[in-house]
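Some notes on the structure that comes next.
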Amino acid sequence: MTLAMGESDRSMRDAINLEGSTGDSVIGPEKLHQLPCFVDYDGPSKTSVYFLPEKQADLTYEASFRGRQLCGCKITLPDSYVGHVLVESTASDHDGLQDMAFESDDVASPTNDEQRELRSVGRFEDLTVWEHDRVPLQDDDEFICSLQWIDVASSIHADCTTTQVAANE
């Protein structure tokens with residue numbers, strides 16, 4: 001599946017490509033983390049050496065990152081939803097697809113004549129969400145709360161019959 005996005009006043013087209021064998025691999029929550037910080041780096045790193053989450057008895061996780069304590073929990077996406085890990089490439093990269101997310105050298109942005117493309121390199125159904133000094137809570141973590149809107153949107157846009165309306169009164 002390819003989703004095309006673009007602005008009419010620009011000649012550059014953006015696309016998200018979810019096809020291909022590399023996007024079929026499943027990434028588990030032990031490898032996919034949402035950290036409460038920004039890391040200004042897009043290259044390879046030895047995360048398996050330096051980021052070592054420990055599972056606690058209450059099924060939460062603890063770790064430290066740059067000397068700060070982190071507490072985390074596993075979050076599962078709603079039923080019938082799947083997430084994708086995307087890397088950016090340009091149309092000129094198709095023969096030897098470059099994963100810009102893992103390049104150690106600076107990579108120039110695509111020009112207006114190139115098609116910008118995001119390709120799926122893996123999919124996930126759950127991930128670990130982290131917070132500083134405490135486990136993320138269902139009612140105050142922005143990411144977790146955003147997942148609740150999927151159910152709300154489904155309810156708002158669902159077809160409703162008079163029988164269902166009468167049953168709820």
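All residue numbers in this chain count up from 1 along the given sequence.
Between L35 atom CG and R68 atom CZ the span is 12.0 Å, to the nearest 0.5 Å. Rounding to the nearest 0.5 Å places OG1 of T47 at 7.0 Å from NZ of K31. In this structure, C37 SG and R66 CZ are separated by 7.0 Å, a value rounded to the nearest 0.5 Å. For the atom pair E125 CD and Y81 OH, the distance stands at 14.0 Å (nearest 0.5 Å). Between the CG atom in L32 and the CG atom in D126 there is a gap of 8.5 Å [rounded to 0.5 Å]. Here the straight-line distance linking atom OH of Y50 with atom OG of S64 works out to 13.0 Å at 0.5 Å rounding.
With sequence neighbours excluded, no residue satisfies side-chain hydrogen bond (donor to acceptor under 3.5 Å, both in side chains) with T128. Judged as a ring-ring contact (aromatic ring centres under 6.0 Å, His included), and not counting sequence neighbours, the contacts of F51 are H33, W130. By the side-chain hydrogen bond (donor to acceptor under 3.5 Å, both in side chains) test, D140 is found to be paired with R134, residues two or more places apart in sequence or in another chain being considered.
Using a 4.5 Å heavy-atom cutoff, the side chains of V121 and L86 are not in contact. H132 is not listed as a side-chain neighbour of Q69, based on a closest heavy-atom distance of 4.5 Å or more. The shortest side-chain heavy-atom distance between T76 and K74 falls under the 4.5 Å cut-off.
Connection of L70 to V135 is not established within any shared hydrophobic cluster, with ILVMFWY side chains joined at heavy-atom distances below 4.5 Å, either directly or through further cluster members.
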Audit row: L77, L147, side chain to side chain contact (heavy atoms under 4.5 Å, CB included) steps and yes/no: CA-CA 7 Å; L77 297 179; L147 295 177; 4.0 Å; yes
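Here the closest non-hydrogen pair linking S146 and F143 is OG-O, 2.6 Å. Nearest heavy-atom pair across V129 and P136 is O-CG, 3.4 Å. Scanning both residues, Y61 and L59, for their nearest heavy atoms gives CE1-O, 4.1 Å. Across all their heavy atoms, L137 and I144 have their closest contact at O-CD1, 4.0 Å.
Side-chain atoms of E54 never come within 3.5 Å of backbone atoms of L52 as a donor-acceptor pair (strictly under, hydrogens ignored).
For the side chain to side chain contact (heavy atoms under 4.5 Å, CB included) criterion with R123, the lone passing option out of V85, I27, V82 is V82.
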